[in-house]
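Taking it in order: structure first as structure tokens, then the write-up.
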Amino acid sequence: MHIVVLAGGVGGARFLRGVLAAAPGAEVTAVVNTGDDVTLHGLRICPDLDTVMYTLGDGIDDERGWGRRGESWTVKDELAAYGAEPTWFGLGDRDLATHLVRTRMLDAGYPLSDVTAALAQRWQPGVRLLPMSDQRVETHVVVTDPDTGRPRAIHFQEWWIRHRAALDASSFVQVGVDDARPGPGVVEALSTADAVLFAPSNPVVSIGTVLGVPGIRDAVRAASGRVVGISPIVDGAALRGMADRCLPVVGVEVSAEGVGRHYGARSADGLLDAWLVHTDDPATVPGVDVRAVPLLMGSPEATRALARAALDAAGVATP
Ligand code: GDP
Ligand code: CA
């Protein structure tokens with residue numbers, strides 16, 4: 001059995017953990033958002049790839065949900081002592097080694113997909129970890145500059161982490177996406193998968209960015225397996241995180257139904273065959289098999305049960 005999961009960072013990583021537990025022995029491919037990637041202090045950082053890699057490789061700080069367990073922050077403090085901007089991004093000492101290796105390989109000419117595979121050699125995440133694209137795509141956010149009152153585009157990370165998404169956004173721009181191609185293996189994985197799952201990741205800046213790479217949306221629509229999405233919105237709010245700050249910017253209601261309709265039915269130019277919403281979160285999405293199941297990934301058992309429900313909706317058997 002081959003399962004493909006489209007994923008962002010924390011929500012994607014947790015869900016993937018559930019998929020591996022629900023379908024032991026299955027081949028799992030994770031197609032991961034790289035629109036959050038950023039260059040800081042000369043280092044190329046891929047937050048969502050790293051979150052998935054550390055989570056599945058048992059190196060994640062579980063409480064924070066990102067970065068390395070047992071992290072120290074000496075380099076960050078030293079950079080701050082120099083006044084070296086930016087100081088708002090958490091770069092731990094252990095984590096820095098990953099960025100150093102990645103940057104060195106990228107500078108030597110290896111594509112991100114090869115670099116990711118090399119890093120995964122150490123972490124053995126148990127899934128095939130594919131960046132959505134080898135080309136650079138960076139999500140920027142158009143905000144109103146508080147000083148000038150004029151629109152200004154800032155990197156998504158600056159908006160998300162430095163400003164805690166508090167600046168009102170008027171749009172998201174995926175810089176570079178028009179020239180991007182799906183990463184090696186992405187389209188093949190989608191077309192041969194027995195099931196395609198959308199993790200409960202941010203529908204705009206995680207899943208939306210992956211789907212924005214020319215060719216990926218069409219490949220999902222053409223997939224031979226069923227396509228099942230899991231709502232990141234429960235009771236009208238995003239769990240952990242600020243996805244509810246992103247949806248209104250693209251004109252989508254912050255509800256499980258709103259996101260389901262945004263993805264739409266495969267039978268009607270959309271993407272989904274089935275959509276999982278939280279128990280007691282009513283939703284109707286025309287043409288889509290909507291199922292209400294517990295969506296909280298609070299424990300390994302609950303996360304595995306959620307993944308099993310997703311695979312059941314995809315029509316593939318789990319042990
Ligand atoms: P990021 O890249 O680290 O922001 O992570 P993702 O885009 O993968 O996931 C963020 C989304 O995960 C948020 O929109 C949350 O609502 C969602 N999320 C987090 N925990 C849970 C959970 O336990 N259940 C569900 N259904 N969604 C969750
Ligand atoms: Ca992310």
Side-chain angles (χ1 to χ4, degrees), residues 5-19 30-38 45-56 60-67 89-90 129 131-132 137-141 155-161 164-165 172 174 197-211 228-250 252 254-256 258-260 262-263 275-281 283 291-307 309-310 313:
V5 180
L6 305 193
V10 177
R14 296 209 167 157
F15 181 70
L16 278 159
R17 220 159 30 183
V19 171
V31 177
V32 180
N33 171 46
T34 56
D36 296 3
D37 295 8
V38 64
I45 298 161
C46 302
D48 289 359
L49 280 169
D50 287 348
T51 296
V52 172
M53 184 172 78
Y54 294 156
T55 300
L56 300 182
I60 199 79
D61 182 305
D62 261 311
E63 243 154 68
R64 274 201 312 271
W66 57 270
F89 194 87
L129 199 54
M132 66 184 195
V137 177
E138 286 188 5
T139 302
H140 281 63
V141 187
H155 193 288
F156 173 73
Q157 297 291 354
E158 185 174 355
W159 183 67
W160 195 248
I161 295 171
R164 308 292 307 158
F172 295 101
Q174 265 76 35
L197 310 179
F198 293 4
S201 291
N202 189 309
V204 182
V205 294
S206 293
I207 305 290
T209 305
V210 174
L211 293 168
V228 180
I230 296 94
S231 174
I233 303 295
V234 168
D235 290 336
L239 292 152
R240 298 168 57 90
M242 305 168 281
D244 40 0
R245 293 287 295 157
C246 301
L247 286 164
V249 178
V250 298
V252 175
V254 183
S255 69
V259 177
H262 172 62
Y263 288 140
W275 180 235
L276 303 193
V277 300
H278 189 54
T279 322
D280 297 332
D281 243 3
R291 299 184 177 195
V293 298
L295 291 194
L296 302 181
M297 301 188 284
S299 70
E301 296 72 34
T303 308
R304 185 180 57 180
L306 169 58

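Excluded from the calculations below are hydrogen atoms, water molecules and symmetry mates; all remaining heavy atoms, backbone and side chain alike, are included. Atoms within each ligand, like the ligands themselves, are counted from 1 in listed order.
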Original post:
Could a heavy atom of T51 be found less than 4.0 Å from some atom of ligand 1?
Top reply: no
Subject >> the Ca ion (ligand 2) - name of the N/O/S atom of D36 that sits closest to it >> reply: OD2
Original post:
Which atom, counting only N, O or S, brings D48 closest to the Ca ion (ligand 2)?
Top reply: OD1
Original post:
Counting distance only, does the side-chain N/O of S201 pair as donor-acceptor with the main-chain N or O of G12 below 3.5 Å?
Top reply: yes
Original post:
Do any N or O atoms from the side chain of S255 and from the backbone of G258 form a donor-acceptor pair under 3.5 angstrom?
Top reply: yes
Using a strict 4.0 Å cut-off to heavy atoms of [X], name the atoms of ligand 1 that fall inside it.
X    : answer
G12  : 8 (O)
S206 : 2 (O), 6 (P), 7 (O)
D48  : 2 (O)
G11  : 5 (O), 6 (P), 8 (O), 9 (O), 12 (O)
L296 : 23 (O)
L239 : 13 (C), 15 (C), 16 (O), 17 (C), 18 (N), 19 (C), 20 (N), 21 (C), 22 (C), 24 (N), 25 (C), 27 (N), 28 (C)
L295 : 22 (C), 23 (O), 24 (N), 25 (C), 26 (N)

Subject >> Q157 side, atom CD; I45 side, atom CD1 - distance, nearest 0.5 Å >> reply: 8.5 Å
Original post:
When rounded to the nearest 0.5 angstrom, what distance separates CZ in F156 from CG in D36?
Top reply: 5.0 Å
**OP:** From the options L211, L276, V228, I230, select the one residue that forms a side-chain contact (heavy atoms from CB on, under 4.5 Å) with F198.
**Re:** L211
